[in-house]
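Written below as structure tokens is the structure these notes are about.
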Amino acid sequence: MDLSKVVLPTFILEPRSFLDKLSDYYYHADFLSEAALEENPYSRMKRVVKWYLSGFYKKPKGLKKPYNPILGETFRCLWIHPKTNSKTYYIAEQVSHHPPVSAFYVSNRKDGFCLSGSILAKSKFYGNSLSALLEGEGRLTFLNRGEDYTMTMPYAHCKGILYGTMTLELGGNVTITCEKTGYSAILEFKLKPFLGSDDSVNQISGKIKLGKEVLATLEGHWDSEVFINDKKTELSETFWNPTSEIKQRRLTRCTVHHDEQGEFESERLWQLVTKAINSKDQTEATQEKFVLEEAQRKAAKERKAKGEEWTCHLFEQDPISGEWHYKFADSRPWDPLNDLVQFENDGAIQTKVRHRTPMVCVPKLKHKSSGQQKKGESGCSSPELDNQDSSGSEAHLLTHSTRSRKKGADHGELLSAIDSVKKTQEEINRNIIALRSRLSTNASNTDSNFLQQRDYCIIIFLILLQIAINYLFK
């Protein structure tokens with residue numbers, strides 16, 4: 001039984017959106033910063049796996065499920081990296097409601113990595129148990145190396161729906177693959193056996209491979225300690241353990257202030273439901289949740305009646321592959337001589353630069369005009385900066401504007417000169433054609449067998465001029 005369209009009671013809800021929940025993977029994004037600097041591909045893969053495991057131990061008390069995002073809902077936040085003086089930006093949007101698809105994009109160009117992906121959430125009911133399946137994959141890219149790591153996610157399994165103690169576990173096989181280096185990792189999240197002990201809860205095992213060769217094995221618990229055993233040395237050591245010291249070193253997450261959030265940003269959108277849940281007023285929470293869901297149904301009916309399709313604000317779907325891509329994605333390696341700082345404005349992650357380098361812009365195919373305006377899009381390599389991130393003074397901006405106008409004027413004069421030369425070339429070609437015609441007409445006259453000296457001079461001059469013009473316009 002598919003529960004993706006079933007309205008769930010509010011008492012089992014965690015007071016935050018699923019888009020917010022997905023950001024839990026980046027409290028240890030500094031592991032990715034370290035992996036980007038690692039020269040050994042095997043060590044890079046191990047750091048990637050370590051980062052992947054770090055996203056699971058943070059979980060709510062008891063059995064809780066986040067809100068199902070509403071179509072067009074967005075969430076954005078960032079993490080501060082004190083060691084590298086950089087920031088990791090996270091952007092997510094609910095791009096489809098039926099089926100429910102959440103798209104996300106993560107970027108830290110200064111530290112050399114970005115992630116993107118989309119997740120289709122499904123729920124299956126088996127009587128006394130419930131599984132939340134997360135279909136789709138994420139793609140981690142190390143910008144300086146051109147390496148892509150594709151990864152999948154486990155499913156959440158809830159037992160004790162009708163009788164017994166309600167428990168939440170993770171299950172399924174996960175793969176992390178880098179096609180360029182040939183390294184891969186396979187992780188198995190194990191469900192507790194029917195007669196298993198308490199130690200068999202939240203177990204995980206795995207392998208790190210190069211091609212078909214197993215280099216290391218992993219064993220442990222995904223919410224506590226995981227050990228790695230090197231197959232060559234047969235040495236076993238702690239690979240990952242979220243101790244209190246590790247938790248204290250988590251990166252600081254910053255969210256957008258409530259007053260600066262848009263109407264469809266998660267915290268503002270669900271604020272009344274969250275307030276009621278935190279106040280333990282389930283009746284009020286259910287009512288406020290119904291208001292949001294009913295407004296979404298009404299909007300969907302109106303679009304259907306008008307024959308309109310929903311247009312996403314931050315992501316667009318590839319019509320061939322069906323994948324969702326962030327509209328403002330920038331996968332260029334960081335240039336310390338030109339790139340100053342990354343920043344985010346209204347969901348658009350951009351980079352402030354010292355100098356704007358010219359770039360040939362490929363004309364895009366025209367799409368049907370949508371009701372939404374695309375903000376911050378630019379066909380050139382460097383996106384436009386917003387005023388609040390500009391560190392230049394007014395005098396500097398005026399000087400830059402004057403220089404731009406001067407360059408524009410010089411460019412106009414150059415185009416005018418080129419047009420003049422082209423016209424001269426056309427006139428010369430006409431004269432040559434007329435001269436050839438006159439020569440062919442007079443060829444029959446016996447007393448005109450030889451050209452006059454003046455004609456020879458004109459022909460030589462025109463030929464030299466033609467050669468010079470062709471050389472200039474090579």
Side-chain angles (χ1 to χ4, degrees), residues 1-25 52-53 55-71 73 92 94-104 117-138 150-176 186-196 200-206 221-223 270 273 286 289-290 292-293 296-297 300 322-324:
M1 178 180 179
D2 188 352
L3 297 180
S4 60
K5 298 182 180 181
V6 176
V7 179
L8 297 175
T10 56
F11 67 84
I12 68 168
L13 294 178
E14 181 183 2
R16 62 170 176 162
S17 173
F18 179 68
L19 300 181
D20 184 355
K21 177 77 171 179
L22 288 176
S23 70
D24 287 350
Y25 283 92
Y52 186 88
L53 293 174
F56 293 103
Y57 73 87
K58 187 177 184 295
K59 52 187 178 180
K61 295 180 179 179
L63 181 61
K64 298 292 182 180
K65 178 186 179 302
Y67 308 139
N68 290 328
I70 288 176
L71 181 63
E73 178 182 337
Q94 190 70 8
V95 295
S96 174
H97 185 60
H98 291 305
V101 178
S102 305
F104 62 90
S118 59
I119 293 176
L120 169 61
K122 292 183 177 180
S123 298
K124 297 291 183 180
F125 183 60
Y126 303 105
N128 193 43
S129 62
L130 171 71
S131 291
L133 310 177
L134 302 178
E135 297 182 0
E137 64 179 23
T150 57
M151 57 196 72
T152 56
M153 296 187 67
Y155 65 88
H157 189 72
C158 176
K159 297 179 181 178
I161 299 293
L162 301 178
Y163 57 88
T165 304
M166 294 185 71
T167 58
L168 180 64
E169 302 176 80
L170 296 180
N173 292 322
V174 168
T175 58
I176 304 174
I186 301 174
L187 304 176
E188 181 185 1
F189 290 80
K190 301 178 181 180
L191 300 178
K192 179 183 178 182
F194 181 73
L195 298 177
S200 60
V201 178
N202 299 339
Q203 282 189 331
I204 188 174
S205 64
H221 298 80
W222 54 261
D223 61 341
W270 294 93
V273 180
T286 302
K289 182 171 176 286
F290 173 79
L292 290 177
E293 293 168 344
Q296 182 175 221
R297 297 187 191 99
E323 296 180 350
W324 289 92

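Just so we're clear, the structure is a prediction, and the values are computed from it rather than from any experiment. Count residues from 1 along the sequence.
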**Asked** Who pairs with Tyr52 by side chain to side chain donor-acceptor pair (under 3.5 Å), at least two apart in sequence or on another chain?
**Response** none
**Asked** Given side chains that start at C-beta, do those of Lys65 and Phe18 come closer than 4.5 Å, heavy atoms only?
**Response** no
**Sequence-distant partners of Glu137, side chain to side chain donor-acceptor pair (under 3.5 Å), two or more places apart** = none
**Prompt:** How far apart are the closest heavy atoms of Tyr25 and Met153, and which atoms are they?
**Reply:** OH-CE, 2.8 Å
**Request:** Would you please name every residue forming a side chain to side chain donor-acceptor pair (under 3.5 Å) with Ser118, sequence neighbours left out?
**Result:** none
**Prompt:** Does the side chain of Thr167 come within less than 4.5 Å of Cys158's, by heavy atoms?
**Reply:** no
**Item:** Mutual orientation of the aromatic rings belonging to Phe189 and Trp222 [parallel < 30°, tilted 30-60°, perpendicular > 60°]
**Value:** tilted
**Request:** For Asp20, check salt bridge (Lys or Arg N to Asp or Glu O under 4.0 Å) against everything at least two apart and list the hits.
**Result:** Arg16, Arg253
**Asked** Sequence neighbours excluded, which residues qualify as side-chain contact (heavy atoms from CB on, under 4.5 Å) partners of Leu191?
**Response** Tyr155, His157, Glu169
**Prompt:** Closest heavy-atom contact between Ile70 and Leu292?
**Reply:** CD1-CB, 3.7 Å
**Asked** Just by distance, do the side chain of Thr152 and the backbone of Thr175 share a donor-acceptor pair under 3.5 Å?
**Response** yes
**Message:** Tell me whether Ser131 contacts the main-chain N or O of Leu133 through its side chain, where contact means a donor paired with an acceptor under 3.5 Å.
**Reply:** no
**Request:** Using side chain to side chain donor-acceptor pair (under 3.5 Å) as the criterion, list what pairs up with Gln296, not counting sequence neighbours.
**Result:** His97
